Amino acid sequence: MTNEEIGDLLEDIAAAYEVKGANRFRIMAYQNASEAFRHTSVDLKKLWQEGKLESIGGIGPSIASHLSEVFEKGESKHFQKIIKSLPEGMFELLKLPGIGPKTAYKLAKRFKLNNASTALLELGKIASQGEIRKLSGFGEKSEKKILEAIEDQKEKKGGKRMLLPVAEEVAQALVDYLKKEPACKKIEALGSLRRKAATIGDVDLAVSSNKPKKVIDKFTSYPEVKKIAVKGEGTARINLRNGRQIDLKVVELACFGSLLQHFTGSKAHNIALREYALKKGWSLSEYGIKKLKTQKSKLIKFSDEEKFYRFLGLDYILPELREGEDEIESAKNHKLPNLVKLSDIKGDLHIHSNIDIATSHDKGSASLEQIGRKAAELGYRYVAIADHNPATTTNSEKKIFNLLEMRKAKIDKYNNSSEKREKSVYIFCSLEVDIKPDGSLALPKMAFDLFDFLIAAVHTSFNMSKKKMTKRILSALKHPKVKILAHPTGRMLNRRSGYEADWDKIFEYCKKNKKFLEINAWPLRLDLPDLLARRARGKGVKFIVNTDSHELPHMDLMRYGVYVARRGWCEKSDIINTRNLKEISKYLISNT
DNA sequence: GCCGTTTTCGGCCCGACTGTTTTCAGTCG
């Protein structure tokens, strides 16, 4: 069972308890546990084997023991008992927006939706026959809403989360639009977009204004609107024709700081922050801070978000850190990291050029000179050309050597050219080498000396056992020329999850042997993922943020990799390509 | 069911909106 599946299971248990009218705090405990499992990068089964399930916050003796049974026997008697007494279809209906446990149960019970795989289909039929409106507590509107939700589900609209640059574009278009309304004083995109998460579900916008109605009216008449889902006095939600959902909140300027705080989230961070504040006798909301237990206590307002945190005795917590882990504790103890910035980056060590070396994977489109000029524009001091290795199946070893020798000569020539001297961008001679399924590198022995260093990467045979994949990666890293493991997990957002490997073992090896993990800035990859980056950092591993550019404009995408590093709590010192040329050469070039 | 810088017992984030009622439950972020 994956962490995600365990999260789903506990969410279902929470829903079942809700239907049964259990103590609401028990329900919350299961919801918290579900969230905690979804957001951890630790392998739960491994944690269970070590008997440390309770080391995760929100997991106590009860849930840990039920889960132990699940790991051991495949299911827990207690969980089965709770779930089995309810119609199976109920848990499918929960996937529809606007339908919670109570509603799902009512519908599933009344219409006997006992089969999970057909429940949505059946409910759709029932709704279109006008049967739902006849139930007490339901009406025409709720029936229509259910029908629409099922239709959306079928089209899988909004099912996929947006990649960060896509969400930025959607948000920017709306910000530009809202700016035309003079009643909008300040506009900001918040939520996971501001926290720079790898993928974004909904776009959240905050506006400060003393005429909220005008703002809401402008917002809901956005030309791309397909449906106005919510329209209140201070908030609204629209669904766009492209399937995206946008949330808007409006407050007066004096409260804008607390709104930024509230609407940036994450939910887990806000809950933790509010619990922390409660203990100090304060109650937090998007409007400000109130003293507890005093009737009609005055609201303290914050136009500035930093002051909101400082008021609570905390250092300012940057949005990228607000995931409800231990950032509040760290802020209290002045232990927050000084996060790496884009301007700290001095070079990009994974760039594909247009030099033709008969690669098996795609080559780049830019020349060395173009890459050098672009790097200079970005303020870099060095780059590494890391084309894919020549295909080993169609080229002889001699041919491969000749191609790579020709390529090295071109790079040497560039480094000795007047162009280089003017721009002062040094080009390392590297290569992105396939790690073959047996762990060997796809490069003839005689060619290794042609490189300053190598970047190793898995591009084939993803479906291996965890043990085999770990061994495969480790044996590739063992080669003294290999310094960097590119896009370590192989994930492609919205397409495939990464392959499984014993990351702790790999991290320990990297730390001990001075190998570096790439944080790949390509928005579809963002790999190493943030959670793993934080775990690796905890073990003392260092990183290199690379764009993996295949075209010149891709070199501008470095910031997405820096976001990942920041979400992984990385400081400048954790990132090797913040060093100057002399220092980084010491890290990467070995003569052994 | 979980948790501990007032607590191993007695707390547990805070507020908005919708739809169906007629003062509120359910859902959401």
Side-chain angles (χ1 to χ4, degrees), chain A residues 10 13-15 17-19 21-36 53-67 78 82 93-94 96-107 132-133 135-146 149 190-192 201-206 212 216 228-237 245-251 255 258-259 261-290 292-293 299 312-313 324 328-329 332-333:
Chain A
L10 291 181
I13 302 287
Y17 268 134
E18 191 145 7
V19 170
N23 175 302
R24 54 184 273 253
F25 297 109
R26 178 189 285 180
I27 297 165
M28 268 172 53
Y30 273 92
Q31 284 166 344
N32 287 342
S34 167
E35 286 294 307
L53 276 178
E54 287 181 56
S55 67
I56 295 184
I59 313 304
S62 175
I63 292 179
S65 89
H66 297 316
L67 273 185
H78 178 67
I82 298 168
L93 306 193
L94 287 175
L96 299 175
I99 294 199
K102 300 268 170 81
T103 313
Y105 174 69
K106 250 193 216 170
L107 291 170
I132 289 178
R133 68 181 74 179
L135 291 180
S136 81
F138 292 83
E140 269 183 57
K141 281 188 177 175
S142 48
E143 183 177 85
K144 187 166 168 248
K145 253 186 150 177
I146 288 171
L190 305 175
S192 47
D202 309 328
V203 168
D204 300 314
L205 296 174
I216 303 261
I228 300 168
V230 173
K231 191 173 176 180
E233 283 175 28
T235 71
R237 170 177 301 156
Q245 179 171 295
I246 321 288
D247 283 335
L248 175 79
K249 248 180 195 303
V250 189
V251 296
C255 297
S258 41
L259 178 61
Q261 195 292 312
H262 165 77
F263 217 13
T264 297
S266 65
K267 188 180 172 189
H269 173 80
N270 282 356
I271 290 176
L273 191 68
R274 286 167 182 191
E275 279 173 353
Y276 166 82
L278 262 189
K279 285 175 195 151
K280 302 192 126 201
W282 300 104
S283 170
L284 314 183
S285 77
E286 57 265 53
Y287 303 104
I289 299 180
K290 269 192 287 194
L292 267 184
K293 286 170 191 164
L299 181 76
L312 298 168
I328 292 169
E329 186 70 15
K332 192 174 76 179
N333 300 323

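Everything numeric here is computed off the predicted structure, so don't read it as measured data. First the proteins, then the strands, lettered A, B, ... as listed; each starts at 1.
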Exercise for the section: Mind checking side chain to side chain donor-acceptor pair (under 3.5 Å) for A:R133 and listing every partner two or more places apart, or none if nothing turns up? Expected result: A:E143

Fill in the blank from the handout: Sequence neighbours excluded, the answer for salt bridge (charged side-chain N to carboxylate O under 4.0 Å, His left out) partners of A:K141 is none

Handout entry: Qualifying residues under salt bridge (charged side-chain N to carboxylate O under 4.0 Å, His left out), relative to A:E286, sequence neighbours excluded
Key = A:K249

Problem - Rounded distance in Å - CD1 (A:I271) to P (B:dG15) - result: 14 Å

Exercise for the section: Summarise how protein sits on nucleotides 19-29 of chain B as a single string, 5' to 3': B when a protein heavy atom is under 4.0 Å from the base, S for sugar-phosphate-only contact, - for no contact. Expected result: SSS----SSSB

Exercise for the section: Select base, sugar-phosphate, or nothing to describe what A:G191 touches, counting heavy atoms under 4.0 Å on all strands. Expected result: nothing

Show each protein N/O and nucleotides 1-4 of chain B N/O combination with a separation under 3.5 Å, one pair to a line.
unit_1, atom_1, unit_2, atom_2, d
B:dG1, OP1, A:S62, OG, 3.4
B:dG1, OP2, A:R26, NE, 3.4
B:dG1, OP2, A:R26, NH2, 2.9
B:dC2, OP1, A:G60, N, 2.6
B:dC2, OP1, A:G60, O, 3.2
B:dC2, OP1, A:I63, N, 3.3
B:dC2, OP2, A:S62, N, 3.3
B:dC3, OP1, A:G58, N, 2.7

Handout entry: C1' gap between B:dG29 and B:dC13, integer Å
Key = 12 Å

Handout entry: Residue-phosphate contact under 4.0 Å: A:S283 side-chain N/O, B:dC14 OP1/OP2
Key = yes

Practice task
Under the side chain to side chain donor-acceptor pair (under 3.5 Å) rule, collect the residues that match up with A:H269, sequence neighbours excluded.
Solution key: A:Y309, A:E327

Exercise for the section: Apply salt bridge (charged side-chain N to carboxylate O under 4.0 Å, His left out) to A:K231 and list each qualifying residue two or more places apart in sequence or on a separate chain. Expected result: A:D217

Fill in the blank from the handout: By side chain to side chain donor-acceptor pair (under 3.5 Å), A:Y17 pairs with (sequence neighbours left out) A:H78

Exercise for the section: With C1' as the reference atom in both, quote the distance from B:dT23 to B:dG19 in angstrom, rounded to an integer. Expected result: 13 Å

Fill in the blank from the handout: Residue set satisfying side chain to side chain contact (heavy atoms under 4.5 Å, CB included) with A:S55, at least two apart, ordered chain then number -> A:L47, A:K52

